[in-house]
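Below: one structure, written as structure tokens.
Proteins get letters first, then strands, A, B, ... in listed order; numbering begins at 1 in each.
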Amino acid sequence: MAALFGGRRRWRSSQCFHVWSRQLTGKYDYDLVVVGGGSGGLACSKEAAQAGQRVAVLDYVEPSVQGTKWGLGGTCVNVGCIPKKLMHQAALLGTAVKDAKKYGWQISGPVCHDWATMAEAVQNHVRSLNWGHRVQLQDKKVKYLNLKGSLMDEHTVKGLTKAGKETILTAKNIVIATGGRPKYPTNIQGAIEHGITSDDIFWLKKSPGKTLVVGASYVALECAGFLTGIGLDTTVMARSIALRGFDQQMAGLVTDYMEEYGTKFAWKCVPKRVDKLSSGALQVTWTDTRTGNEHKDTYDTVLWAVGRAPETKALGLDRLGVQLNKETGKIVVGTDESTSVPNIYAFGDIGEGRPELTPTAIKAGKLLARRLAGHSTELMNYDNVPTTVFTPLEYGCVGLSEEEAEKRLGKDGIEVYHAFYKPLEFTVAERDASQCYLKVVCERGGDMKILGLHFTGPNAGEVTQGFALGFQCGATYSHLSQTVGIHPTSAEEMTKVNITKRSGLDATVTGC
Amino acid sequence: MAQRLLVRRIWTVSVKDIRRFPAPAAATAASSCFSTSLQPAATRVSFLAPSRALPRSLPHASRREVSFNVQDHEDFTERVINSELPVLIDFHAQWCGPCKILGPRLEKAVAKQKGRVAMAKVDIDDHTDLAIEYGVSAVPTVIAMRGGDVVDHFVGIKDDDELDSFVSKIIGQ
């Protein structure tokens, strides 16, 4: 009897709670407010609107130190993937023009590159994408606000205009997708006043001229790569290793190729100060950590590519108790992109431990939107994410690096198949292909499951995408060798790979 | 897609705006129905001079440039919505290649009409809200207005002959 009575009361109070919470939901301006209109934020807000939610997205670009600003779309569209790939293409075309003569093209005299023409074309394309995103938000019925968002409490977002005018929005759920910005070094005199970052390089109206790129991340190498490719005197200054986190053998091939093709490298060097000379040029003083000696040289531009910092400072997260990682400053997130505060979520570059990639942000954003609308419970799978570094010799990979595989299974637990190959296009062009290479890291014994695929060569991104599907399906070495290659391509060498590192045999592919 | 969006937008806008006459219920279909259904609305705008007679002295004769860049929303209201002349609105963008081709052609077609039609140029990056309000998605988009009502539109490039007939139709009605 008592149990029955208790049960009924519980039922009634849960009914009351539902009514109460429904009233609360009705009180919110929006079902979802997304702070950040980049790859992740836009995907999430559009998907949520499509799922029937009332959504608003806030996007705001704080100008860079040098004053550069841009429109809707986030890092990828404005100061990342898109302009980077276009300028990389410009550089590749420069190499192609040189090769063209060998293929019979009658090109009289040297071919020069005009930065202003390229920059205008790239910037125009980016602007068309800003507009396209704006139209898409309108079409999908997402409210767009060009305001700097910050969180007042778990259900309130404040938006500020540049002039400081406030708009308050209430929301059932809040998603933070504000991404990151390039870091400036803090202990180098003149770094901030005289240097630029990736935020600025794509928006320069005039050529950067002789450039020093400080850093050896993919941002540094990709920028240095296309600057060299368009004919500029470019130096990369690296404190220690290149492409930290990536397979180091592959990283070495990438930088070797760049060195051969004209990019200068100052390994194990650290800048000390940057001074502006009366001529307007920048004088950089640096220390060679191997010898301890100091050196000086002048450049027209100094590009800092020393890491990216998450955009969390202005969000008011500490006030709400949203947990941040002490070292990186990124938001600590669960497998469902939740933060330490119940209805606040975060994903994309801002999430701790997440890949800083557009496709993962987009996918995670869409899945999150579906979960918040109650349409799905599917979580984002961050495994098996393929990626490509768009250096002059492109490097594509999916899965584990050889070092990581070795760490997990031991040297005896893995078998690495590898090959040095020569793209057919390089032959007539008489180009050196010493760094064109691929390797497949497999489990040794058993099914020989593929743990990681690595490829350097032209169109590495296009090549790797296809193999990523196989990887996702759990491909084994025998699946790979059963796959017939397409001839003549560079990608087919992946299906033909049969020499192991263990054998010590020459891995150079001979003719077909 | 852009056409349907445009129709929807104009429908929404014309219902919202008290100065405009409500479009007949049929104005939700494809663009071919679009122009005919708005005819009744256009004929109700009686103060517009017919094509042959050019109004000589009008109260708002102070700014009679045939082709101008829209400065802001008030400027648009004054010089486009409240214009006695039919107006072509050229929605364009700096980053749009085809816009650079269509622009001069439009100027030529408008100049041929010797003051019987005006042209307002709207840069969609400078006036994003205005462009969104009029349902512009792709550029170039040209919208023709008479007496504050949208009477016709097209998206993309047209050649000189097509433009001449488009403009004549706007004035002739």
[atom1] ([X]) with more than 12 external heavy atoms under 6.0 Å:
| X | atom1 | result |
| --- | --- | --- |
| K84(A) | NZ | yes |
| K69(A) | NZ | no |
| E120(A) | CD | no |
| K121(B) | NZ | yes |

When rounded to the nearest 0.5 angstrom, what is the spacing between CD in Q138(A) and CD in E133(B)?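 Nearest 0.5 Å value for the CD-CD distance: 10.0 Å.
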With rounding to the nearest 0.5 angstrom, report the CZ to CD1 distance, R127(A) to I124(B).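 If we round to the nearest 0.5 Å, R127(A):CZ and I124(B):CD1 are 12.0 Å apart.
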Would a 4.5 Å heavy-atom cut-off, applied to side chains only, mark W131(A) and V136(B) as touching?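 Sidechains of V136(B) and W131(A): in contact.
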